[in-house]
S.K.: 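Structure below; questions to follow.
The chains referred to below are lettered A, B, ... by the order of the sequence lines, with proteins before strands, and numbering in each begins at 1.
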Protein chains: 2
Amino acid sequence: MAMGRGEATRERILAITEAAVLAKGFGATSIEEVIAEAGITKSGFFYHFRDKNELARALLQRYMERDDALLDDVFARGRELATDPLNGFLVGLKLLAETMADLPGGHPGCLVATYAYQERLFDRGVCELNQHIVFHWRARFRTLLEEIVEHSETKEPVDLDALADMVSTVIEGGLVLGRATGDPNILPKQLMLLRSYIKLLFEPATSAVH
Amino acid sequence: MAMGRGEATRERILAITEAAVLAKGFGATSIEEVIAEAGITKSGFFYHFRDKNELARALLQRYMERDDALLDDVFARGRELATDPLNGFLVGLKLLAETMADLPGGHPGCLVATYAYQERLFDRGVCELNQHIVFHWRARFRTLLEEIVEHSETKEPVDLDALADMVSTVIEGGLVLGRATGDPNILPKQLMLLRSYIKLLFEPATSAVH
DNA sequence: AGCGAACTGGACTTCCGGTACAGTGAATTC
DNA sequence: GAATTCACTGTACCGGAAGTCCAGTTCGCT
């Protein structure tokens, strides 16, 4: 990425802010501390972002792009390693769990959740972007699930949108519990339980012993 | 509850603050707006709470007690309506989903999650209480699950602590998604999917049509 | 009537978000 | 190489909110 001088500063501000926001929330992250760490002045900051809201939006945008790339990669690799869509999805979930487990200190948390619990702080644009991200997740996982149901039936009748949402639900919930307890292993374990559900739901019943 | 004059004011402050915190986060909730709504002065506020941190702790304490009472009730009723522990748990989950769905405007959100994403604002006592609540949930659901495994085996090998955590995970994740999208139905639906998992996991395979 | 709990009133400090605007060095363009 | 533009700096200021201090007041109970 060739970055101009301005772009590099903007990126530095975003990186510093993201760490701070995930560590202590958006409201508790002061512009002053960000500019102190970035080595710029307040005027410099407001040259790049009109206000804190614009910073929030840019941050969420950046977060979404990276998150998207990670999920693309994980589930594409899962699909490559497997012979059918169901197995691809299961491998993808396992890879995701491993990726989350391998992060030093655990996943730092999700900006979507951070924003969801501070909505009044933000303007409509930011809230809409947050909503869009969740719907984007839903569409992503639904696509994968639709490929699965073409090959195998579910043992219980389920709403595919809700099932797609369950992936996001488990990730968000796992992150909340992980943060609240300080245990980074909760998220990976929860992802493996979700995997177990998907497996039970789609795999033909085997009477085999484990 | 017979309340003294002081206790009533304290309770009023907590009720107003809880609504505000769930609506826009703790950082964005100013003491000034709380006292304005409560009709007291700043001095009056600081007579009851030393600082914002003590308010946070009292709020979380209150939240925990109510949450506890609700879960006690729901799963006790579930157990009464059913013949065995597994069915009792499944009915409890359904009752919980219905309770959440019946709340006007949906569940307002969970304070544990709110606090989890703003930890640096709080002192150790508050963070420890937050952690304690999650472990308390784990113990609660684990107890119920242990009764179930005494009667029926799981089809997949699962860690009971992780499975107990999954209830909290789905609730927290469902709330995050519900808040982010503005759709209060997500949480109930996710609870029903969790129910479906528990069912598949413990119920002997039936070849019956749904 | 008197005591203590539950406040009121007001003055003050610090920190932060945000505004305003004039100035400046480095790079790009003509 | 002069002009322009970008990417800032420096300074000064405002309003809101957390929090402190303390003196005074009202209410309920014994």
S.K.: Name all residues meeting the ring pair (Phe, Tyr, Trp, His ring centres under 6.0 Å) criterion together with A/F141; count only those two or more places apart in sequence or in a different chain, and write none if there are none.
M.R.: A/F75

S.K.: It should be established whether B/T9 places a side-chain nitrogen or oxygen under 4.0 Å from OP1 or OP2 of nucleotide C/dC7.
M.R.: yes

S.K.: Report the distance from atom CZ of B/F46 to atom P of C/dT8, rounded to the nearest whole Å.
M.R.: 13 Å

S.K.: A/Y197 and B/S196: side-chain donor and acceptor closer than 3.5 Å?
M.R.: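 Short answer, yes.
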
S.K.: Going by the side chain to side chain contact (heavy atoms under 4.5 Å, CB included) test, name the single residue among A/L59, A/I31, A/L22 that passes it with A/T17.
M.R.: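 Only one of A/L59, A/I31, A/L22 forms a side chain to side chain contact (heavy atoms under 4.5 Å, CB included) with A/T17, namely A/L59.
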
S.K.: Given C/dG17, D/dA17, D/dG19, identify the nucleotide with an atom nearest to the side chain of A/S30.
M.R.: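 In terms of side-chain proximity for A/S30, the closest of C/dG17, D/dA17, D/dG19 is C/dG17.
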
S.K.: When the distance from CZ of A/F45 to C1' of D/dT11 is rounded to whole Å, what number comes out?
M.R.: 19 Å

S.K.: Return the nearest nucleotide to the side chain of B/Y47; candidates are C/dG18, C/dA6, D/dA18.
M.R.: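 Looking only at side-chain atoms, B/Y47 lies closest to C/dA6.
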
S.K.: Output the rounded distance in Å from CD1 (A/I35) to C1' (C/dC15).
M.R.: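 That distance rounds to 13 Å.
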
S.K.: Only counting residues at least two apart or in another chain, list the ones meeting salt bridge (Lys or Arg N to Asp or Glu O under 4.0 Å) with B/E146.
M.R.: B/R142

S.K.: B/D51 has an atom CG; how far is it from atom C1' of D/dG19, in whole Å?
M.R.: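 Spelled out: CG on B/D51 to C1' on D/dG19 is 9 Å.
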
S.K.: Once you apply a heavy-atom cut-off of 4.0 Å, does A/R50 come out as touching a base, just sugar-phosphate, or nothing?
M.R.: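 Touches sugar-phosphate only.
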
S.K.: Round to a whole Å and report the spacing from CD of B/E32 to P of D/dG16.
M.R.: 9 Å

S.K.: If I take atom CD in residue B/E7 and atom C1' in nucleotide D/dC27, what distance separates them, rounded to the nearest angstrom?
M.R.: 17 Å

S.K.: When you check the side-chain N and O atoms of A/W137 and A/D67, is any donor under 3.5 Å from an acceptor?
M.R.: yes

S.K.: Which of residues 36-44 of chain B sit near DNA chain C, with a heavy atom under 4.0 Å from it?
M.R.: B/G39, B/I40, B/T41, B/S43, B/G44

S.K.: What integer distance in Å separates A/L55:CG from C/dG18:C1'?
M.R.: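 So the two atoms are 14 Å apart, to the nearest Å.
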
S.K.: Tell me the interatomic distance from B/R12, atom CZ, to C/dC7, atom C1', rounded to whole angstroms.
M.R.: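 Rounded to whole Å, this separation is 12 Å.
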
S.K.: For B/R62, is there an ion pair with B/E11 - N to carboxylate O distance below 4.0 angstrom?
M.R.: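 The answer is yes: the pair qualifies as a salt bridge.
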
S.K.: Whether A/H48 contacts D/dC8 is assessed here as follows: a side-chain N or O lying under 4.0 Å from the phosphate OP1 or OP2. Is that the case?
M.R.: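 Result: yes.
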
S.K.: If you apply the rule ring pair (Phe, Tyr, Trp, His ring centres under 6.0 Å), what do you find for B/F26 with B/F122, and how did you get there?
M.R.: CA-CA 10 Å; B/F26 196 83; B/F122 305 116; 5.1 Å; yes

